[in-house]
There are 2 protein chains.
Amino acid sequence: MGGTDGLDGALDVRDLRYFRAVAEERNFTRAAERLGIAQPPLSRAVRQLERRLGARLLDRSTRQVTPTAAGLVLLEEAVRVLDAVSAAAHRTRRAARATPAVVVTAKPGVATDLLRRMTRAYAAQPDAGRVEILVSGYGEQGGMVRDGRADVALLGTGEDDHGLDLEPLTTEPRVAALPAGHALAARSVLSCRDLAGLPFPHCPVLPPHADDYWWGRDAREEAAAQPGPVVRDSSQLLEAVALGQAVALVPASLAERNRRDDIAYRPVRDAGPYTLAIAWPSGSRSPVIARFVRTAIEVASHHEPPSHAAGPPPRVVDPPPGVAGPPVRLAEASARQG
Amino acid sequence: MGGTDGLDGALDVRDLRYFRAVAEERNFTRAAERLGIAQPPLSRAVRQLERRLGARLLDRSTRQVTPTAAGLVLLEEAVRVLDAVSAAAHRTRRAARATPAVVVTAKPGVATDLLRRMTRAYAAQPDAGRVEILVSGYGEQGGMVRDGRADVALLGTGEDDHGLDLEPLTTEPRVAALPAGHALAARSVLSCRDLAGLPFPHCPVLPPHADDYWWGRDAREEAAAQPGPVVRDSSQLLEAVALGQAVALVPASLAERNRRDDIAYRPVRDAGPYTLAIAWPSGSRSPVIARFVRTAIEVASHHEPPSHAAGPPPRVVDPPPGVAGPPVRLAEASARQG
DNA sequence: TCCCATCCATACCGTCAGGGTATGGCGTGA
DNA sequence: TCACGCCATACCCTGACGGTATGGATGGGA
């Protein structure tokens, strides 16, 4: 479908993995370490890559390796390629299994009942395949779909939805979770201003596979510099709040399901709602995925939010998706930047 | 951003190119020829790939090589990967040039005036970069954007928009183009039924780079089996009509601009309109592309269709795109299949 | 100012994967 | 039955990739 394969200047997955490591680490030695090879071959590989592309990719000035403009472009493209390669392997292996299944991923503790209903409704359909549920840490869902470990994901407002198509499922208000003894807990209603400056839990923006995936040093340092603790799931988050290490904005349903003495939940007047969406690989034509998405939307539209006072009225399904659903992004997406 | 790179089972661009060739050609010998290597290494490579993935990809039954279910999945993924790799090389090289430009591709003879206005309007903006126009053959535009040779494309209803985000620009009716002496030319209005069964020009569904890109044998045979001639641009198309080899449905504006004695244009009552859209890589965040797309939409909304009687009213711009415009597909896309 | 630590580049070498040639086995069609 | 087409196997060779050793440059600390 694409055009000429040509030789693409003979770009290779290995080259892209290597370049990505260096561009992210901004340091050949650390990158080599991360890749599990020695530093000299890495230097050579990157240099060869630059020669093949006929472009300088890295400025190796004194004491600092920084990507050039072209290097930044290649870094972005490399990530896409590597995800696509990963996806190719995962999806092929999955398709080869005797009874292929739809793999849906979600972070633990959110929308478990909705998820249960979805899978049940799907499995109830005649000749529907199996459904596997793959739990993932905060912020991991997008990556799991992109690299093919999962077919669809449930993810919330503000999570990384790069390269995915989304359809919103449910919306509910968010409330503040405060340590029981916190000064703000004395008040019955808060506003965002009240929370400004307080330590928020830092959802690890990135996959925490320390072994085979790292962030560049600045990203790591940046993460370390954040005031709040790093949490991977809702129980860690609540624990952090209970221990007084942080405050957090959580979906109302999560608060409902986690009433505890050591945490005070308070409405926040001007906090945006939490929207849960279902996501699938952008442009997927898989009828199985389309069917699951349709089912999910159907179920969500009948789904009564677990019972909190002023939830929004049940969502009306907009035009049902075609094969993989009309790619509609959340409003958030278009507002992402000016 | 994706998850674990792991080793992906050590998938490689080379493996995917090889597998794609075999899966498309359905014949090892021809695939090897197409790849410019000998057949035995190809057999070995595919076998190794199957071992690495732990899945049978091809059924090599007697006299016939057919992809398995897993093989079909991998074929689709392979195309994505290869396009992404191509795109990485092209975009990086482009970004490395002293004065990076927006490359827009369109087939010749369609919307040239609109294209001219768009580029002029874009270039008129302060600190806007250069614009390069890359002409492409029928059906090639999508591939050119996908593999990074172009940044944006103008393409019409029904063209391959896989992996692209679209925004419609203009809509105009289509008319039938008939050889002047044709029996139907005697009538003043036609319907689709009248045209059924007549030889239509076969827009080469696929890139015609005979050297480095071929279709699988069935696709080629299928194409050869089509009654109508194969054409690559509008002048070839009109020539084919004039020579009596085919009839065609063409946008009204094309008819306007190509009045000839040997071709009769007739309205077709129930023919769908021709919608021209601008397309860019799905999920692109490039501000340059976003800007060009915004300009294009703006220009198109002010654009008076070249003057034909009952054109639709000037199109109203729906919510202007954010960074890269809200990915909205043409209605056609959601109707693509039930 | 001098020294040392850090970090990237170069030189050299061994290994193995990938490609070529020759050939065999098998099924099909004349 | 023969001949052809097609895929698999066997074997060899080349070259790319990775490792080790080492050099050169820069910047910080004493």
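Because only heavy atoms are used, hydrogens play no part in the values below, and waters and symmetry mates are left out as well, while side chains stay in. Chain A is the first sequence line, chain B the second, and so forth, proteins listed ahead of strands; every chain is numbered from 1.
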**Prompt:** Would Arg34(B) and Glu24(B) satisfy side-chain contact (heavy atoms from CB on, under 4.5 Å), going step by step from the backbone distance to the final call?
**Reply:** CA-CA 11 Å; Arg34(B) 160 177 158 185; Glu24(B) 283 179 354; 2.9 Å; yes
**Asked** When you measure from the side chain of Pro40(A), which nucleotide among dA22(C), dC8(C), dT20(D) comes out closest?
**Response** dT20(D)
**Message:** From C-beta outward on Phe28(B), which listed nucleotide comes closest to its side chain: dT9(D), dG20(C), dC7(D)?
**Reply:** dC7(D)
**Minimal non-hydrogen separation, Arg97(A) against Glu132(A), with atom names** = NH2-OE2, 2.9 Å
**Rounded distance (Å) that lies between atom P of dG18(D) and atom CG of Asp12(A)** = 10 Å
**Prompt:** CG of Asp59(B) versus C1' of dG27(C): gap in Å, rounded?
**Reply:** 16 Å
**Request:** Tell me, with the steps shown, if Glu33(B) and Thr29(B) meet side chain to side chain donor-acceptor pair (under 3.5 Å).
**Result:** CA-CA 6 Å; Glu33(B) 197 178 319; Thr29(B) 309; over 6 Å; no
**Message:** Without decimals, in angstroms, what is the distance between Glu33(A) CD and dG18(D) P?
**Reply:** 17 Å
**Request:** For a side chain to side chain contact (heavy atoms under 4.5 Å, CB included) with Met144(B), tell me which candidate from Thr105(B), Val103(B), Val104(B) qualifies.
**Result:** Thr105(B)
**Request:** Report the distance from atom CG of Leu58(B) to atom C1' of dC7(D), rounded to the nearest whole Å.
**Result:** 12 Å
**Asked** CZ of Arg26(A) versus C1' of dC8(C): gap in Å, rounded?
**Response** 17 Å
**Short side-chain N/O contact to dT6(C) OP1/OP2 from Thr29(A), under 4.0 Å** = no
**Message:** Check Glu76(A) with Arg285(B), please: is the shortest side-chain N to carboxylate O separation under 4.0 Å?
**Reply:** no
**Prompt:** Partners of Phe292(B) by ring pair (Phe, Tyr, Trp, His ring centres under 6.0 Å), sequence neighbours excluded?
**Reply:** Tyr122(B)
**Request:** Take atom CZ of Arg51(A) and atom C1' of dA16(D), then tell me their distance rounded to the nearest Å.
**Result:** 13 Å
**Asked** So does Arg60(A) get a side-chain nitrogen or oxygen closer than 4.0 Å to the phosphate oxygens (OP1/OP2) of dC7(C)?
**Response** no
**Complete:** In whole angstroms, the gap separating C1' of dT23(C) from CD of Gln39(B) amounts to 11 Å
**Message:** Under 4.0 Å, heavy atom to any atom of DNA chain D: which of residues 41-49 of chain B qualify?
**Reply:** Ser43(B), Arg47(B)
**Message:** What I want to find out is whether Asp127(B) reaches Arg291(B) closely enough, with some N-O distance under 4.0 Å, to be called a salt bridge.
**Reply:** yes
**Item:** Spacing between Leu35(B) atom CG and dG18(C) atom C1', to the nearest angstrom
**Value:** 14 Å
**Request:** Please check the phosphate of dG5(D) (OP1 and OP2 only) for any side-chain N or O of Asn27(B) closer than 4.0 Å.
**Result:** no
**Request:** Please state whether the phosphate of dC17(D), meaning OP1 or OP2, lies under 4.0 angstrom from any side-chain nitrogen or oxygen of Arg14(A).
**Result:** yes
